[in-house]
Amino acid sequence: MAEKFEALEQQLELFIENTRQMGIIVSDFQPQGQNVLNQKIQTMVTEMNEIDKMRSQIENVHVPMEVFDYIDQGRNPNLYTKDCLEKALAKNEHVKGKTDNLKRFKAMLLVELSKVFPSEMEMYRALKQGRGPT
Amino acid sequence: MADLIRRPEPMQSSPRSSPRDRGSRSPAYPRQDSSGTLKTTISLVPGKTPSVIHTGSFYLVKDIPDEADITGSTNLLSYYNLEHSYNRFLNKKVKEELSAFLPHLPGNIDSPGIQDNSSLRSLIEKIPIMNKDMNQLSGSALSGFRLHPGALPEQYQTMNQMTQKKKKHKRKSKEADKGSALQLAQDISTADNLSAEPEARKPKRPKREDEPKDPKKKKKKDKKKKKKHSPDTTAANGAEAAT
């Protein structure tokens, strides 16, 4: 997959470069540059065709819509990755806190119940032991 | 008690599926709860309110599900080997601008795409015409691109502005591929600014002799600074001051 992306990247780079050169020719146009410009226009059509051919090779690539928003706002898309990692870590820590607290609560509840209902808790433990891990 | 109705077990929901067990399921005999489900008996005596009789010793004694490989308490970043990416993005300062991500791209790409109608979202919302062959332009079609000689007004010369910016990026960035087409373009652009022929490529400007000396000078300066701040020198200075 990475090779396909590289090929597309190279093709896009060529296209951008050609367009940029056209921009330079046009920005300070000289009469002798007309032939070069015509060539560049034909190259542009060829390269667009090449890029279009690559469409079939790069399918089923899922890009989050939020990334487009970042790019449209002129922001670095790496910031999206950074935000995602930050969010994932925060959520992970939050859930870990919950599960740890529940485990602690269970242990404390068993201790307290054993104090108040010792015989019942013995039965309970025996029942659970026969069934598997508590 | 004749009207006692047993709640059927999930596996024996259909009376056809469990005809053999019918005789052994009398509510008169206590049974050992082995299924883990809560067994209840509901008495429906006519004239009385229906009551629920619990037959087991404990409620909610369910089998605990097998522990999953990944839970919320596992460190997901280390589980998926993303610690490297995490350190890369969070410990280092990521530049805000899009041009920092695409340093080779010409034009002013840091401005919002809505301004010049170049947003990616508009590309998705208004899908361009596709599945049409793109043919080479004929001679008559190319005549439409015949231009008048002369320079554009400065406000439209965005290409030249960006090439100046790109030079700065080029010096800073180490990761830039030397063989990429875009870098060749930079050389072309410098040649373009000097000569009228845009296709001409000039060889890279050799490094000045002064340039490599600069870092050494800096190092020397740093060393001097360090010496000033080192405890020995401060102690010596202190001694001098005391005398």
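Chain identifiers are assigned alphabetically (A, B, ...) following the order of the sequence lines, protein sequences preceding nucleic acid strands; residue numbering begins at 1 within each chain.
To the nearest 0.5 angstrom, B/Ser73 atom OG is 13.0 Å from A/Lys98 atom NZ. Between the CD atom of A/Glu17 and the CG atom of B/Leu105 there is a distance of 11.0 Å, given to the nearest 0.5 Å. Rounding to the nearest 0.5 Å gives a distance of 5.0 Å between CZ of B/Phe101 and CG of A/Asn78. Taken to the nearest 0.5 Å, the CZ atom of B/Phe145 stands 4.5 Å off from the CD1 atom of A/Ile41. With rounding to the nearest 0.5 Å, the separation of CG in B/Leu76 from CG in A/Leu89 is 9.5 Å. Atom OG1 of residue B/Thr74 and atom NZ of residue A/Lys96 lie 8.5 Å apart, to the nearest 0.5 angstrom.
Within a 6.0 Å sphere centred on CG of B/Asp66, heavy atoms belonging to other residues, nucleotides or ligands number 12 at most.
The candidate with the highest count of non-hydrogen atom pairs below 4.5 Å against chain B, out of A/Asn49, A/Leu85, A/Leu37, is A/Asn49. The candidate from B/Ala151, B/Pro153, B/Gly113 with the greatest count of non-hydrogen atom pairs under 4.5 Å with chain A is B/Ala151.
Contact detail for A/Thr46 and B/Gln136: the closest heavy-atom pair is OG1-NE2, 2.7 Å. Nearest heavy-atom pair across A/Lys82 and B/Leu90 is CG-CD1, 4.0 Å. When every heavy atom of A/Asp52 is checked against every heavy atom of B/Met134, the shortest pair comes out as CB-CE, 4.2 Å. Closest approach of A/Val95 and B/Gly72 over heavy atoms only: CG1-CA, 3.3 Å.
For A/Met65, the parts lying under 4.5 angstrom from a heavy atom of chain B are both the backbone and the side chain. Looking at A/Ile71, both its backbone and its side chain come within 4.5 Å of chain B, counting heavy atoms on both sides. At a 4.5 Å heavy-atom cutoff, the contact between B/Asn135 and chain A is made by backbone atoms alone.
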Problem - Worked check of side chain to side chain contact (heavy atoms under 4.5 Å, CB included) between A/Gln42 and B/Leu142 - result: CA-CA 9 Å; A/Gln42 299 290 22; B/Leu142 279 171; 3.4 Å; yes
Practice task
Would you check, one step at a time, whether the test side chain to side chain contact (heavy atoms under 4.5 Å, CB included) holds for B/Leu77 with A/Asn92?
Solution key: CA-CA 9 Å; B/Leu77 286 175; A/Asn92 196 188; 5.8 Å; no
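A distance-only check finds a donor-acceptor pair linking the side chain of A/Gln34 to the backbone of B/Leu147 [under 3.5 Å]. Using modelled atom types, no side-chain atom of B/Glu97 and backbone atom of A/Gly74 make a donor-acceptor pair closer than 3.5 Å. One N or O on the side chain of A/Asp72 and one on the backbone of B/Leu120 form a donor-acceptor pair closer than 3.5 Å.
B/Thr71 is not listed as a side-chain neighbour of A/Thr99, based on a closest heavy-atom distance of 4.5 Å or more.
Residues of residues 121-129 of chain B that come closer than 4.5 Å to chain A, counting heavy atoms only, are B/Arg121, B/Ile124, ordered by residue number.
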